[in-house]
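Have a look at the structure below, then the notes.
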Amino acid sequence: MRKRTPQLVIRPQASKSDMQSPVSSVLNPRTRSPSPTSRPRTPDLHNPSDVDEQHLDISDESESGSAITYFTRKDTVSKSPGIRYITEDLIKKLSKREQLGSVQSLNLCLSKAGGKKFKFIENLEKCDHLLVLNLNNNMIEKIEKLEKQIKLRELSLSYNRICKIEGLEHMVNLQNLMLAGNYIEQIPAWIGKKLRSLRVLNLKQNNITSKN
């Protein structure tokens, strides 16, 4: 049976201040500098019901649906509380796995309250069997270094500082993509073509003005 490409639906804003504006360019994501090899660790881990991992979810976000839907609204991001770094030791501690290749679910979602947060996606190359990755409520500016996550089914990057949807073109198994509360302005045209398994895309509380 031939796969059907999910139909994209854009919901307009209800208030005058949030009315869609003319097409504008996507903000260029910021560059990053190499991080130290180790930093303070975060004691949080999340996993869905179909993965046998420790459950320590502190996120208050849960989105689901049968079709891709875009929600748009201008929003702001709070002042930077400080930076943490994702290390292999941190991943092993949270997943309780010595072999990174056996990790299937990883929750790096932090509380919306104060405290240091992750700014960079890094050191996940050896987690090549990852199915679920939660990085909500951090300070991530760019979707990067996820080339090895070809089996990923769910990626949550809500409430970060992301300006552009990128670095996901290879994720043919991705079903849920959560990007609420970021700085995204444009929807790339390849979303429905290359992410063939995608069913849910949450873009509420962004600055969407066009589909590129």
Item to check | Intermediate values then yes/no, side-chain contact (heavy atoms from CB on, under 4.5 Å), K119 and E141 | outcome: CA-CA 7 Å; K119 186 176 182 180; E141 300 174 349; 3.3 Å; yes
Next on the checklist: The test is side-chain contact (heavy atoms from CB on, under 4.5 Å); show your working for L155 and L168 and say whether it passes.
Outcome noted: CA-CA 10 Å; L155 176 60; L168 304 176; 3.7 Å; yes
Next on the checklist: One pair to check against side-chain contact (heavy atoms from CB on, under 4.5 Å): F118 and Y85. What are the steps and the verdict?
Outcome noted: CA-CA 6 Å; F118 300 111; Y85 296 92; 5.6 Å; no
Checklist entry - Going through the checks in order, is the side-chain contact (heavy atoms from CB on, under 4.5 Å) test met by L100 and C127? => result CA-CA 5 Å; L100 296 180; C127 300; 4.1 Å; yes
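Between H129 and K151 there is a side-chain heavy-atom pair separated by less than 4.5 Å. Taking 4.5 Å as the limit, every side-chain heavy atom of K194 sits out of range of all side-chain heavy atoms of V172. N202 places none of its side-chain heavy atoms less than 4.5 Å from the side chain of N176. Considering only heavy atoms from C-beta on, L94 comes within 4.5 Å of L106 through its side chain. At a threshold of 4.5 Å between non-hydrogen side-chain atoms, the residues L195 and M171 count as touching. Looking only at side-chain heavy atoms (C-beta outward), I143 and I162 come within less than 4.5 Å of each other. In this structure, the side chains of L124 and K148 stay at 4.5 Å or more apart for every pair of heavy atoms. Counting heavy atoms from C-beta on, the side chains of L201 and I191 come closer than 4.5 Å.
For the pair I86 and N123, the tightest heavy-atom approach, listed with the atom from each and the gap, is O-ND2, 2.7 Å. Between L179 and N206, the closest heavy-atom pair is O-ND2, 2.9 Å. Of all the heavy atoms in K117 and N138, the pair that sits closest is CB-OD1, 3.6 Å. When all heavy atoms of E98 and K92 are compared, the pair lying nearest together is O-CE, 3.3 Å. Looking at every heavy atom in both residues, K116 comes nearest to R84 through O-NE, 3.1 Å. Closest non-hydrogen pair, N160 versus M139, comes out as OD1-N, 3.3 Å.
More than 12 heavy atoms of other residues, nucleotides or ligands lie within 6.0 Å of CD in E169, so this atom counts as buried by the packing criterion.
Atoms CD and CD1, from Q149 and I121 in turn, are 9.5 Å apart once rounded to the nearest 0.5 Å. If you take CE on M178 and CG on N182, they are separated by 13.0 Å, rounding to the nearest 0.5 Å. For the atom pair CZ (R199) and CZ (R153), the distance works out to 13.5 Å, reported to the nearest 0.5 Å. Atom-to-atom distance recorded for K96:NZ and S102:OG is 14.0 Å, nearest 0.5 angstrom. One finds the CG atom of L108 at 8.0 Å from the CG atom of N134 (value rounded to the nearest 0.5 Å). Taking CG of L146 as the start and CD of E166 as the end, the distance is 10.5 Å to the nearest 0.5 Å.
When I150, I91, V103 are each tested for a side-chain contact (heavy atoms from CB on, under 4.5 Å) with L130, only one passes: V103. Shown are N137, L135, L110; of these, the side-chain contact (heavy atoms from CB on, under 4.5 Å) with Y159 is made only by N137.
Using a cut-off of 4.0 Å between Lys/Arg side-chain N and Asp/Glu carboxylate O, E125 and K145 are scored as not salt-bridged.
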